[in-house]
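Working notes for the structure below.
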Amino acid sequence: QLVESGGGLVQPGGSLRLSCAASGRTFSPYGMGWFRQAPGREREFVAVITWRGGITYYADSVKGRFSISRDNAKNTVYLQMNSLKPEDTGVYYCAAKYTSMYNGYSYTEKGWYDYWGQGTQVTVSS
């Protein structure tokens with residue numbers, strides 16, 4: 001089970017840190033990612049991190065502003081979001097891929113991931 005937290009209302013230029021805590025089983029995924037979905041739009045990739053090596057990748061739209069990290073001991077992945085813009089508004093979801101087995105998808109695609117959280121709302125508005 002993946003549970004997100006940390007969402008809320010923030011002014012443009014502000015910061016938020018999202019957390020995604022895993023529970024319910026021995027947690028050793030291959031990778032963890034964040035996606036977001038704005039009203040009326042498709043869910044889109046934001047960032048991903050490999051659990052063991054900590055290798056990260058970001059969508060161009062958030063590169064330089066967002067940072068993904070993980071705490072292996074706490075089974076938690078974080079998304080630090082700085083310099084937030086109104087276009088960052090949406091529901092943010094974390095997701096986990098549990099094996100390294102190729103499944104036909106890229107890490108930027110929803111199908112790569114095995115499990116999803118319920119999402120947390122982020123609203124950037126003055």
Side-chain angles (χ1 to χ4, degrees):
Q1 184 181 5
L2 303 176
V3 180
E4 302 96 335
S5 61
L9 174 64
V10 63
Q11 292 186 341
S15 298
L16 281 176
R17 189 176 82 152
L18 305 183
S19 300
C20 174
S23 62
R25 58 175 286 171
T26 301
F27 192 67
S28 182
Y30 176 70
M32 294 286 294
W34 286 96
F35 281 66
R36 65 187 181 188
Q37 187 166 16
R41 300 189 66 176
E42 292 289 319
R43 194 172 298 188
E44 64 175 4
F45 168 77
V46 174
V48 66
I49 187 168
T50 60
W51 198 249
R52 291 190 175 183
I55 300 171
T56 60
Y57 298 96
Y58 297 91
D60 288 343
S61 58
V62 306
K63 207 171 290 183
R65 300 188 297 121
F66 290 13
S67 177
I68 188 172
S69 61
R70 86 273 190 238
D71 185 328
N72 298 51
K74 295 183 178 180
N75 290 347
T76 300
V77 64
Y78 304 98
L79 186 68
Q80 177 66 44
M81 305 186 295
N82 300 325
S83 302
L84 282 160
K85 305 175 181 179
E87 52 263 43
D88 294 317
T89 294
V91 179
Y92 282 69
Y93 298 89
C94 73
K97 180 173 177 22
Y98 272 89
T99 74
S100 61
M101 186 178 299
Y102 178 66
N103 62 10
Y105 295 95
S106 153
Y107 61 83
T108 62
E109 299 175 294
K110 298 188 295 293
W112 195 73
Y113 300 84
D114 302 310
Y115 296 95
W116 291 83
Q118 294 300 306
T120 185
Q121 176 70 44
V122 171
T123 302
V124 184
S125 175
S126 55

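What you see is a predicted model, and the numbers here were worked out from it, not measured in a lab. Numbering of residues begins at 1 and proceeds along the displayed sequence.
To the nearest 0.5 angstrom, Phe45 atom CZ is 10.0 Å from Asp60 atom CG. Annotation: the span from Leu79 atom CG to Arg17 atom CZ amounts to 10.5 Å, rounded to 0.5 Å.
Between the side chains of Thr123 and Ser125, no donor-acceptor pair of N or O atoms lies under 3.5 Å.
Val62 and Val10 fall within a single hydrophobic cluster, where Ile, Leu, Val, Met, Phe, Trp and Tyr side chains are chained together by heavy-atom contacts under 4.5 Å. Ile49 and Trp34 fall within a single hydrophobic cluster, where Ile, Leu, Val, Met, Phe, Trp and Tyr are joined by side-chain heavy atoms under 4.5 Å apart, directly or via other members. Follow the hydrophobic side-chain contacts under 4.5 Å out from Phe35 and you reach Tyr105 in the same cluster. Under the 4.5 Å side-chain heavy-atom criterion for ILVMFWY residues, no single connected hydrophobic cluster contains both Trp51 and Tyr113. Hydrophobic clustering places Val46 together with Val77 (ILVMFWY residues linked when any side-chain heavy atoms are closer than 4.5 Å, directly or through intermediates).
The shortest distance between side-chain heavy atoms of Val122 and Met81 falls below 4.5 Å. Leu18 is not listed as a side-chain neighbour of Glu4, based on a closest heavy-atom distance of 4.5 Å or more. Side-chain contact between Trp116 and Leu2 is absent, with no heavy atoms from C-beta onward closer than 4.5 Å. Contact of the Val124 side chain with the Glu87 side chain is not registered, since no non-hydrogen atoms from C-beta on lie closer than 4.5 Å.
Residue pairs satisfying the salt bridge (Lys or Arg N to Asp or Glu O under 4.0 Å) criterion with at least one member in residues 92-113, sequence neighbours excluded, are absent. Screening residues 27-126 for disulfide (SG to SG under 2.5 Å) gives Cys20-Cys94 as the qualifying pairs, with residues at least two apart or on separate chains.
Formation of a donor-acceptor pair under 3.5 Å by the Asn75 side chain with backbone atoms of Ser23 is not found in this model. Side-chain atoms of Asn103 come within 3.5 Å of backbone N or O of Trp112 as a donor-acceptor pair.
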Test log, rule side chain to side chain contact (heavy atoms under 4.5 Å, CB included), inputs Ser61 and Arg36: CA-CA 12 Å; Ser61 58; Arg36 65 187 181 188; 3.5 Å; yes
Would Thr89 and Gln121 count as a side chain to side chain contact (heavy atoms under 4.5 Å, CB included) if you check the C-alpha gap in whole Å, the side-chain angles of each, and the deciding distance to 0.1 Å? CA-CA 8 Å; Thr89 294; Gln121 176 70 44; 4.1 Å; yes
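Checked against salt bridge (charged side-chain N to carboxylate O under 4.0 Å, His left out), Arg65 has the following partners two or more places apart in sequence or in another chain: Asp88. Looking at residues two or more places apart in sequence or on another chain, you find no side-chain hydrogen bond (donor to acceptor under 3.5 Å, both in side chains) involving Ser69. Scored by the side-chain contact (heavy atoms from CB on, under 4.5 Å) test, Ser100 finds Tyr30 as partners (sequence neighbours excluded). With sequence neighbours left out, Tyr57 forms a side-chain contact (heavy atoms from CB on, under 4.5 Å) with Val48, Ile55, Tyr107.
Within the 6.0 Å centre-distance limit, the rings of Tyr98 and Tyr115 are counted as a close aromatic pair.
Between Ser126 and Pro12 the shortest heavy-atom distance is N-CD, 3.7 Å. Between Gln80 and Ser15, the shortest heavy-atom distance links the atoms NE2-CB, 4.0 Å.
Using bins of under 30°, 30° to 60° and over 60° for the plane-to-plane angle, the ring pair Tyr92/Phe66 lands in the tilted bin.
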